[in-house]
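Whatever order the structure lists them in is the order used to number ligands and atoms, beginning at 1.
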Amino acid sequence: MKLYFSRNPNPRLAVAVARTLEAKVEFEFASPFAPGQADRYRPLNPNLSLPILAGPTGSLWEADAIACRLSRDAHSDFWRTGDDEPEMIRWLSWGKENFVRACDTVHFERGTKQRYGLGPIDQEKIGEGLGEFGRAAGILEAELVHRQWLAGNAVSYADFRMATFLPFNDVARLPLGDYPSVARWYRQLEAIDAWHDPFKGLDAPPLPPVKPV
Ligand SMILES: N[C@@H](CCC(=O)N[C@@H](CS)C(=O)NCC(=O)O)C(=O)O
């Protein structure tokens, strides 16, 4: 199986999962939105987005689905399958609608738009994103103050998914430090090699830099 990836947040997440699980996949850098590339990738993912996991029986897109597939193939509980599964699904579902979305909104303005020349920072969007971040981080803080990880007693895909955008906080500048338990939880993730440096040894050009504003 081949995992098509870039250094952007969702493909980074999928690569980190594959490396955590020591999945038997080949990694290939891809750039489906680059000029002339769409025809190659559209049969694999009609959205043209990454990550894509392609194998002999077809292709799978969406980082969550890929994480589920790789975890099953590895017979791992990283994607919870026991009594902690509802808890994990709760955090995936809530995270995508709340914490992750807030991080995405701010990162898109300060990071993605500036990297790819997609226009000036929209301060109204930043305000909305930071407001949503504050509400969501407050809820996470209350949870993480009395638990180490989100689902059960060990790291799971819920933690990885919740943190999708945090490796990019040098550009997003979300006030993570205002939430000490969330910051502590994220330091635990950063201590995991596969999370800290998922691209180690892989052939992938760096992201375009964010120009200082
Ligand atoms: N919902 C999708 C989102 C995928 C997505 O938005 N991917 C972006 C990166 S974060 C992408 O393909 N960007 C083009 C690129 O990285 O070349 C998922 O979870 O996999």
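Residue A63 has at least one heavy-atom neighbour below 4.0 Å for each of these atoms of ligand 1: 18 (C), 19 (O), 20 (O). If you number the atoms of ligand 1 from 1 as listed, the ones under 4.0 Å from a heavy atom of S49 come out as 4 (C), 5 (C), 7 (N), 12 (O). Below 4.0 Å from some heavy atom of P51 lie the following atoms of ligand 1, by number and element: 20 (O). Per-residue contacts place P11 under 4.0 angstrom from the following atoms of ligand 1 (heavy atoms of the residue considered): 9 (C), 10 (S). Of all the atoms in ligand 1, the ones that sit under 4.0 Å from a non-hydrogen atom of P9 are 10 (S).
The protein non-hydrogen atom at the shortest distance from atom 14 (C) of ligand 1 is F33 CD1, 3.6 Å. The shortest contact between atom 1 (N) of ligand 1 and any protein heavy atom is with E62 OE1, 2.8 Å.
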| field | Step-by-step side chain to side chain donor-acceptor pair (under 3.5 Å) determination, Y116 to N8 | value | CA-CA 12 Å; Y116 297 103; N8 281 314; 3.1 Å; yes
| Candidate pair F199 and F5, rule ring pair (Phe, Tyr, Trp, His ring centres under 6.0 Å), full reasoning | CA-CA 10 Å; F199 303 116; F5 74 97; 5.8 Å; yes
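Aromatic rings from F160 and F78 are positioned such that their centres are separated by under 6.0 Å.
Put simply, the side chain of N45 never gets that close to the backbone of W61: no donor and acceptor are under 3.5 Å apart.
The proximity of W61 to ligand 1, defined as any non-hydrogen pair under 4.0 Å, does not occur for either the backbone or the side chain.
Between S6 and ligand 1, an N or O atom pair is found at a separation short of 3.5 Å.
The closest approach between a heavy atom of R161 and any atom of ligand 1 is below 4.0 Å.
Cation-pi check for R19 over W195 is not met; the charged atom does not lie both under 6.0 angstrom from the ring centroid and within 45 degrees of its normal.
Under the 4.5 Å side-chain heavy-atom criterion for ILVMFWY residues, a single connected hydrophobic cluster contains both M162 and W79.
If you check each of N10, N8, L50 against atom 7 (N) of ligand 1, the one with the closest non-hydrogen atom is L50.
Between the CE atom of M88 and the OG atom of S156 there is a distance of 6.5 Å, given to the nearest 0.5 Å. Interatomic distance, L92 CG to E85 CD, rounded to the nearest 0.5 Å: 9.5 Å.
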